[in-house]
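Numbers restart at 1 for each chain; the letters A, B, ... are given by sequence-line order, proteins then strands. The analysis underlying the following values was restricted to heavy atoms, covering all of them including side chains, and did not include hydrogens, waters or symmetry mates. Remember, it's a predicted structure, so these values are computed and weren't measured experimentally.
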Amino acid sequence: MPMEKNFNATEAEARLAAAWDAIGAFKAGANAKPGAEPFCIMIPPPNVTGSLHMGHAFNNTLQDILVRWHRMQGHDTLWQPGTDHAGIATQMVTEREMAKEGNLSRREMGREAFTQRVWQQKKKSRATIIGQLKRLGASCDWSREAFTMSGAPDAPKGEEGNFHDAVIKVFVDLYNKGLIYRGKRLVNWDPHFETAISDLEVEQIEVAGHMWHFKYPLAGGATYEYVEKDEDGTVTLRETRDYISIATTRPETMLGDGAVAVHPSDERYAPIVGMLCEIPVGPKEHRRLIPIIADEYPDPSFGSGAVKITGAHDFNDYAVAKRAGIPCYRLMDTRAQMRADGAPYDEAATIAMAVAKGEKTLTEAEVDAINLVPDDLRGLDRYEARKRVIDQITSEGLAVTQLVKSIDKETGAEHLELVPLVDQNKMMQPHGDRSKVVIEPMLTDQWFVDTAKIVEPALEAVRSGRTKIIPASGEKTYYHWLENIEPWCISRQLWWGHQIPVWYTLGRKLALEDAEKSLSQHSQAGEDVRLVADGILKDMAEVRRSGYGDIGIICASNEQEARKKAEAEFELPPKFFATEEEAKAYLAEDPTRGKRETLLYRDPDVLDTWFSSGLWPIGTLGWPEQTPELQKYFPTSVLVTGADILFFWVARMMMMQLAVVDQVPFHTVYLHGLVRDAKGKKMSKSLGNVIDPLEIIDEYGTDALRFTNAAMASLGGTLKLDTNRIAGYRNFTTKLWNATRFAEMNGVFGAEGMAQSHTSAIRSPDVQNTVNRWIIGETARARIAVDDALTNFRFNDAADVLYKFVWGKVCDWYVEFAKPLMDGEFAPETRATMAWVLDQCYLLLHPFMPFITEELWGLTGQRAKMLVHGDWPSYGAELIDEKADAEMNWVISLIEEIRSSRTQMRVPVGLKLPMLQVALDDKGRAAWARNQAIICRLARIDSLTEAAAPKGAITVAVEGGTFALPLEGVIDIAEEKARLSKGLEKLKKDIASLSGRLNNPKFVASAPDEIIDETRDNLHLNEAEAAKLQTALARLADAG
RNA sequence: GGGCGCGUAGCUCAGCGGUAGAGCACUACGUUGACAUCGUAGUGGUCACAGGUUCGAUCCCUGUCGCGCCCA
């Protein structure tokens, strides 16, 4: 049955995918030769938030190319698939969908119901994603599909697995090793999701910012000489001030100021360091006073040089406050609204005043309990509070002002007006990468990984080359980040994720807080702390030493274990509660219960998604069980991923795998560029600027998309979607299809020569014809180049080689050369060679274009195996026949010369011309004799006669000879002169350049011999050709 | 401000010491046994700029200008 005219991608892709599936083609170890070396890639698990975008298509194409390439080589190959639960992102998507559907909100629903709802979202998204990957032809072992939350306690049926156990085990182990700790720290707080996020999840976005300048009056009406000097020390301003000027972009945080800081070297403020000043906002009668302190942090040259210190709402201020023992007053709640809890403002302010004056010291918990938001601002959004604060200060005359010309709208009169000074500057503001809202630094209790303690092996592994990062620039970035690594905040106040396996003791915690309080009361009362009970002191010391320390904390894999530990650790029998609230309610019913039982409740927080995905390599292979797969495939071979998640994921996998199993997770990391949208913007799920790869696949076919991806995968670049290019590679598939069609129409795959034509090993001696010997050599070159490129992860080079070989050599020339050979003595070997060459095309292209190649493989013969398990060729230079190579290149250049000449002389394409052989060396004569039919056919020559060139002929100069096309009366002499002159000009230029170099003694002395030889050869060739053109021009001059 | 990287044909990008490349676009012309999703032949580049190293620089070094990205 003759082949269709075009490849029907849509129909064939589904059919072939099913066929692969039916034979288990992608199963781990499929097609492996006995004793084969393992090759394993872990898929970067897509988030179960929706569907895949072009970035995923790109990423997975590259992985699949490597995997198919290795599988065909007979390696024991595993491509491990799966998805990531992606805590915050998935929770966000689910909540969004719930809102769209008009469902109950998350909080109305409750934790249990909500997580079940997210599991549904997971199921849906997972199906979409896996479907997309399959359409892409991803040859993952689908039977091993993993999920980062498989086996979680609330997982529905069908979500079994042990990933959750692995995550929890690692948390417990790291906790026991002291690598995970809990502490009250300033963290990035996302007011939308009401959770802490890590530094990496914060995006700095430039916004139009405003800076206000306010006067903080000195306490008690004190004054000082304020002196400003220029660089030379000349006094430029001297005045008596009763205030210190502060600039701020966040006036609402003034309410929580604990101090004003100036640089110790700043002479302007030296007189007032140590004094108190007044925060110019809040009820008059309870204005708070705060100390003016010296610290290295303020930059004397920026603003007024004085900085307000709000330790609870700014990272720099927090550091200053910690150094100086300044209290950090928290002003906002989890939604970044001004706090509405606690005692009224006057009470809070009174306590804060006592602290500022040094009359009182507070515990952290006490500081946190103080709400310094004035009653009229409580409950307001932070931005509304900001407006009011500014208004209040300004109306009181405490804003720094400037004179501005203004026009009265009614009278039109011009007058000068004092208006508050507001600088308009662009500023970088932190935003949540998911929520896009402004991040609020927030003082909260969180869990941290002590990354500084586990970073060293991860650095060493790359430095020593045990893990290689490609491109090398990625290594620099990796070092830079890891060498300056910050503690990793791993707790998230979300519901979707691995709940932290920690239980707190309610009673003991409360007791400790009481003890702390009483201790501070004793010390404030001037009592010797030694008077406080020994037991409390001992506990306090431990509390102080380890933050919240281990006291009252049970970390265990599950509740049963937690119970055992609690029984061993505490004298009173443990009682477990799901939440702190339940435990408190239980205690409130009968306060003496706390003396009879240890009340325990679980930490409600979940782990950062990256904590679990950081265990992807071992977790998907069954760890902590010592599975055969873990033994065989770990450490894995290559990780292919985007450079953007080098820190998020790659670095953390390195650290965690090394910390947990003391091995690198992969030998090579291939970082690729980012897929951008048309404007160069990063494509992201939440931004909505994604392009659905399925649309591209529907229009152009998977193979075209994949080949485009490979072709654009140059190292270090970015990838912009270009549909024209995809169309170009779709055309390439058509080209291959039609070359096959030609072969089929010419009986290449006929029953007769079949057995012979499909032997994978073709031996040069079996093939006599130069054309066939040549294409066999070209095939070998292509195979070598493709392997070389793929070995070095040069996907674009591999694609380029294949494109040029298949289109530029096989289709453009070999098929044409073969046409006249289809009859006559070389017909059998030509058919055999063509069958072999096309087989090689299918084999070499299969990793890039699996569908069309598998289809052609199946259409062109009865095969022992599907192409997906085809044997990757290993032949090499031994198939290259240099003589055949030289001869065919000569033939090609002769044909090109003739065609070019004809076109420029406007010889009608259809016209067959006689040709004269003016001069030709022996090699040329032999070449002509062997390839006459081809040349005549392709250059449209009808005869060759040995003769001198007549007047009015086109000259065709090639290596070793000159031909002429007699066209007297037909050609335009001037045109031919121009053509020859143009060629001659270029040759002359080249000759000048080449001989210039050769005449330079330094060149001859310094350059390598092969370069000198090459230059000399080139010069001779150019000179020979120039001579021929000169002769031709001279003849034309005679004629003209 | 610190780090990484990029300025090559009209466009999108390869190449990174030895006489400038691809695809698309553009121009002209369409023949012989697959292919118009095609064929043939062309047009088009001071390889951002200025210095330096070298026999030789698009490639290495320094600086300048312009543009990204990451981290402050």
Side-chain angles (χ1 to χ4, degrees), chain A residues 2-3 5-7 199-200 202-204 315-316 428 430 471 473-474 476-477 479-481 484 643-644 646-647 673-674 676 678 680 682 700-701 704 708 711-746 748 794 796-797 799-800 803-804 807-808 811-812 815-816 818-820 822-823 895-896 899-904 906-912 936-940 986 989-994 996-1008 1010-1012 1014-1015 1018-1019 1022:
Chain A
M3 285 170 68
K5 218 175 166 188
N6 282 302
F7 174 53
D199 299 347
L200 288 176
V202 176
E203 282 176 352
Q204 299 291 335
F315 285 96
N316 291 312
M428 298 304 278
S473 62
K476 284 189 197 171
T477 318
Y479 295 142
H480 189 255
W481 189 68
N484 299 289
D644 55 332
L646 179 63
F647 307 143
L674 301 179
R676 301 271 161 89
K682 194 168 144 181
Y700 300 101
T708 309
M712 295 178 98
S714 65
L715 288 171
T718 55
L719 182 87
K720 283 187 200 167
L721 194 68
D722 181 355
T723 47
N724 278 330
R725 196 154 177 187
I726 301 172
Y729 290 122
R730 185 269 323 270
N731 297 353
F732 177 55
T733 64
T734 308
K735 192 75 181 171
L736 179 68
W737 182 266
N738 280 300
T740 302
R741 219 171 128 239
F742 167 82
E744 189 244 16
M745 289 164 78
N746 282 276
V748 165
R794 313 277 304 212
N796 58 319
D797 285 353
D800 198 45
Y803 186 90
K804 284 179 174 156
W807 200 316
C811 295
D812 284 351
V815 169
E816 294 304 327
K819 283 176 185 172
M822 285 300 173
D823 305 311
I895 293 167
E896 283 178 339
R899 282 171 170 174
S900 179
S901 311
R902 290 176 56 122
T903 307
Q904 282 178 65
R906 303 208 177 92
V907 177
V909 219
L911 186 63
K912 288 196 173 188
C936 290
R937 182 190 178 92
L938 295 179
R940 299 199 68 70
K986 188 176 182 313
K989 226 172 109 188
D990 290 348
I991 288 165
S993 153
L994 292 167
R997 267 197 275 167
L998 287 165
N999 290 336
N1000 181 348
K1002 284 187 184 163
F1003 172 73
V1004 183
S1006 327
E1010 59 195 70
I1011 296 295
I1012 298 174
E1014 196 185 310
T1015 310
N1018 268 333
L1019 179 64
N1022 284 348

In the structure I gave you, are the side-chain heavy atoms of [X] and [Y] within less than 4.5 Å of one another anywhere?
X	Y	value
R902(A)	V909(A)	no
T723(A)	Y700(A)	yes
N796(A)	R794(A)	yes

Is there a Watson-Crick or G-U wobble partner for [N] with both distances under 3.5 Å, and which nucleotide is it?
N	answer
rG33(B)	none
rA9(B)	none
rG1(B)	rC71(B)
rC55(B)	rG18(B)
rC26(B)	rG42(B)
rA48(B)	rU64(B)

Using the [atom1] atom in both, what is the distance from [N] to [M], to the nearest Å?
N	M	atom1	value
rC70(B)	rU27(B)	P	40 Å
rU54(B)	rC59(B)	C1'	13 Å
rC13(B)	rU32(B)	P	41 Å
rC35(B)	rC55(B)	C1'	50 Å
rC24(B)	rC65(B)	P	39 Å
rA22(B)	rC69(B)	P	31 Å
rA20(B)	rA28(B)	P	30 Å
rG42(B)	rU53(B)	P	41 Å

Counting the atoms with a prime plus P, OP1 and OP2 as sugar-phosphate, which does [X] contact under 4.0 Å by heavy atoms, base, sugar-phosphate, or nothing?
X	value
P1001(A)	nothing
N1000(A)	sugar-phosphate
N1022(A)	base
N1018(A)	base

Verify side-chain hydrogen bond (donor to acceptor under 3.5 Å, both in side chains) between S900(A) and Q904(A), making sure each step is shown before the conclusion.
-> CA-CA 6 Å; S900(A) 179; Q904(A) 282 178 65; 3.1 Å; yes
Under 4.0 angstrom between R794(A) side-chain N/O and rA14(B) OP1 or OP2 |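 For rA14(B), neither OP1 nor OP2 has a side-chain N or O of R794(A) closer than 4.0 Å.
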Grab the [atom1]-[atom2] distance between [X] and [N] for me, whole Å please.
X	N	atom1	atom2	result
Y729(A)	rU12(B)	OH	C1'	11 Å
H480(A)	rC70(B)	NE2	C1'	10 Å
K1002(A)	rA57(B)	NZ	P	13 Å
D797(A)	rG23(B)	CG	C1'	15 Å
R906(A)	rU27(B)	CZ	C1'	12 Å
L998(A)	rC55(B)	CG	P	16 Å
Q904(A)	rU43(B)	CD	P	8 Å
K804(A)	rA22(B)	NZ	P	7 Å

Flag this pair as yes if the NZ/CZ of R997(A) is under 6.0 angstrom from the six-membered ring centre of F1003(A) and inside a 45 degree cone about the axis; otherwise no.
-> yes
Is the backbone N or O of K1002(A) less than 3.5 Å from a side-chain atom of N1000(A), with the two atoms forming a donor-acceptor pair by type?
->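 Judged by distance alone, yes, a pair lies under 3.5 Å.
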Does the S993(A) side chain pair with the main chain of K989(A), one donor and one acceptor, at a distance under 3.5 Å?
-> no
Letter by letter from the 5' end, nucleotides 31-40 of chain B scores (B base, S sugar-phosphate only, - none; protein heavy atoms under 4.0 Å) BBBBBSBSSS
Do the rings of W807(A) and Y803(A) sit parallel, tilted or perpendicular, given the 30° and 60° boundaries?
->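 Aromatic pair W807(A)/Y803(A) classed tilted.
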Tell me, please, which residues at least two apart from E816(A) pass salt bridge (Lys or Arg N to Asp or Glu O under 4.0 Å).
-> K819(A)
Return the 5'-most residue of the pair F647(A), I895(A) with respect to RNA chain B, ranking by each residue's nearest nucleotide.
->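 Residue closer to the 5' terminus by nearest nucleotide: I895(A).
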